[in-house]
Visitor: 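Structure provided below as structure tokens; questions to follow.
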Amino acid sequence: MPELAQRFSSNPLISPKDVRPSAPGLEVECVLNPGVFRYNGQTGLVLRVAERPPETERAIKVPVLNPAAPDGIEILSFAKDDPELDLSDPRLFSYQGRTYLTTVSHLRLAWSDNGTDFAIDERATLTGEGPLESFGIEDCRVSAVADEYVLTYAAVSPHGVGVNMIRTSDWKQFQREGMIFAPENKNTAVFEETIGGRYWAFHRPSNVNFKGNHIWVASSPDLTHWGGHACIAMVRPGQWDETRMGAAAAPVRTEHGWLALYHGADRHNRYCLGALLLDYGDPTRVLARSTDPIMEPTASYEREGFFGGVVFANGHVLDGDTLTIYYGAADTVVCGASFSVREILASLGR
Ligand code: MAN
């Protein structure tokens, strides 16, 4: 199948060197997986900025948010030659029965007039707060709901990964709503329209025993209490989305139904993008799904980096038939690509 994604010629748009560290002693390792929105004629990104202290020859240093520590960050140190330490995954490791992330992420705004050149805020916009965010906050989805923006993001802590919500209407004042989906859950995006008088959201609970990393929908009367859960799309053994999948962002309205992009990963942790088409009036009904990915990690900046072989989108803007994603490539940089909605719809299988 021909590649449906038109990558920006100026990719990568944002690299770690473009981002100022949030505190002395930290280095920006990755800038990735932005939430995307339009505000006052500008394109806004909610970047995930992943930082850590420089590692030494002998030790790996792990940052953990702790309000009692200097700059609010406590640095844990692990000897690299400790036989109990398995550092095969650059993103996280287990030690004596506990899991740690190798970086701590915060969220930071970036703004653009033309959709390609972004001015990145000098400081963190939102950092983890409280015991459910002590390992950081990640992969924010932004939905324009009525007259405000609803931010849903992964809240990471020793308790696991859950989904927390923040609301804002001016990108200056932020109202924290706390946890809306308890661990293990992530990849949550709220629909931008109500259906049948209720709010709807994608979410992604995980179940280790049943090998479940499937996409679910839920509905809510008030955005914070969610029920009516239904699993709408499961991983497909032997295919590109065989181990895990998660919705990218709020779905977009098309004449055939809701079009939702999602990421899918295989057993080699290769992350591609695909799409689902859902019934307008009943988003628990899947009408069509990508057979092949609509985008694969083929560019050099997608194949190589902190975690290579990854295209991960959690935000886009729609302009007529053009859906522009801003995505994380190799968990290292932020890139742009555009799709024709018509072409994505034509590519879907049953
Ligand atoms: C998980 C999350 C994402 C990340 C991918 C690929 O799904 O941690 O933030 O981009 O893995 O590493």
Side-chain angles (χ1 to χ4, degrees), residues 12 14-16 28-36 45-52 87-94 99-108 128 133 135-142 151-157 160-164 181 183-189 202-208 211-215 233 235 240-249 261-274 293 295-297 299 301-316 325-335 337:
I14 305 175
S15 302
V28 174
E29 202 68 39
C30 323
V31 54
L32 69 164
N33 303 3
V36 184
L45 302 181
V46 182
L47 303 170
R48 170 179 165 197
V49 177
E51 300 176 298
R52 65 177 167 199
L87 296 175
S88 55
D89 189 325
R91 302 169 299 178
L92 75 178
F93 61 89
S94 290
T99 298
Y100 299 90
L101 299 188
T102 57
T103 58
V104 64
S105 292
H106 65 262
L107 303 177
R108 195 180 301 204
E133 298 183 351
F135 286 180
I137 55 179
E138 305 181 349
D139 301 354
C140 182
R141 276 74 173 174
V142 179
L151 284 60
T152 45
Y153 58 94
V156 191
S157 75
V161 183
V163 178
N164 284 11
F181 292 112
E184 288 297 306
N185 207 316
K186 63 199 313 197
N187 302 319
T188 294
F202 295 119
H203 65 112
R204 209 293 298 279
S206 292
N207 185 311
V208 178
K211 302 256 178 291
N213 282 301
H214 318 305
I215 298 179
V235 296
W240 58 275
D241 48 7
E242 65 181 346
T243 60
R244 51 187 63 229
M245 58 190 303
L261 301 197
Y262 71 91
H263 69 262
D266 67 12
R267 70 193 72 180
H268 306 294
N269 277 325
R270 184 170 187 267
Y271 281 70
C272 298
L273 300 181
M295 186 174 183
E296 300 186 52
Y301 48 79
E302 297 161 355
R303 281 187 280 113
E304 287 140 42
F306 182 79
F307 195 79
V310 173
V311 288
F312 188 101
N314 49 294
H316 44 57
I325 63 166
Y326 293 91
Y327 65 100
D331 280 0
T332 307
V333 290
V334 170
C335 297

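For this chain, numbers begin at 1 and follow the sequence in order. Counting starts at 1 for both ligands and their atoms, in listed order. A quick note: this is a predicted structure, and the numbers were derived from the prediction, not measured.
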Visitor: Tell me whether Arg48 has any N or O atom under 3.5 angstrom from an N or O of ligand 1.
Guide: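 Yes.
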Visitor: Does Asn33 approach ligand 1 within less than 4.0 angstrom via side chain, backbone, both or neither, non-hydrogen atoms only?
Guide: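 Looking at Asn33 and ligand 1, just side chain atoms fall under 4.0 Å.
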Visitor: Mind listing the closest non-hydrogen atom pair of Phe93 and Thr102 along with its distance?
Guide: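 Heavy atoms of Phe93 and Thr102 come nearest at CD2-CG2, 3.9 Å.
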Visitor: Identify the residue among Thr188, Asn213, Val161 that makes a side-chain contact (heavy atoms from CB on, under 4.5 Å) with Arg204.
Guide: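 Going through the options one by one, the only one that passes is Asn213.
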Visitor: Hey, could you give me the NE2/CD1 distance between His106 and Ile137, rounded to the nearest 0.5 Å?
Guide: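 Reported value, rounded in 0.5 Å steps: 8.5 Å.
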Visitor: Nearest protein heavy-atom contact for atom 1 (C) of ligand 1: which residue, which atom, what distance?
Guide: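 For this ligand atom, the closest protein heavy atom is Tyr271 OH, 3.7 Å.
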Visitor: Output the list of atoms in ligand 1 that are nearer than 4.0 Å to some heavy atom of Phe307, sorted by atom number.
Guide: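 In order of number, 12 (O).
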Visitor: Without swapping roles, check the side chain of Asn185 against the backbone of Val163 for a donor-acceptor pair under 3.5 Å.
Guide: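 Not confirmed, Asn185 side chain does not pair with Val163 backbone.
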Visitor: Going by the order shown, which atoms of ligand 1 are within less than 4.0 Å of some heavy atom of Phe312?
Guide: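 Within the 4.0 Å cut-off of Phe312, ligand 1 contributes 3 (C), 7 (O), 10 (O).
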Visitor: Taking atom 2 (C) of ligand 1 as the point of reference, which of Lys186, Arg91, His263 owns the nearest heavy atom?
Guide: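 Comparing heavy atoms across Lys186, Arg91, His263, the nearest one to atom 2 (C) of ligand 1 lies in Lys186.
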Visitor: Examine the side chains of Asp139 and Asn33 and answer whether a donor and an acceptor come within less than 3.5 Å of each other.
Guide: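 On atom types as modelled, these side chains qualify, holding a pair under 3.5 Å.
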Visitor: Counting heavy atoms only, name the option from Val311, Leu101, Asp139 that's nearest to atom 3 (C) of ligand 1.
Guide: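 Nearest heavy atom to atom 3 (C) of ligand 1 lies in Asp139.
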Visitor: Distance to 0.1 Å, residue and atom name: give those for the protein heavy atom nearest to atom 10 (O) of ligand 1.
Guide: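 For this ligand atom, the closest protein heavy atom is Asp331 OD1, 2.7 Å.
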Visitor: Where is the tightest heavy-atom contact between Ala337 and Met295, given as atom of each residue plus distance?
Guide: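 Minimum heavy-atom separation between Ala337 and Met295: CB-CE, 4.1 Å.
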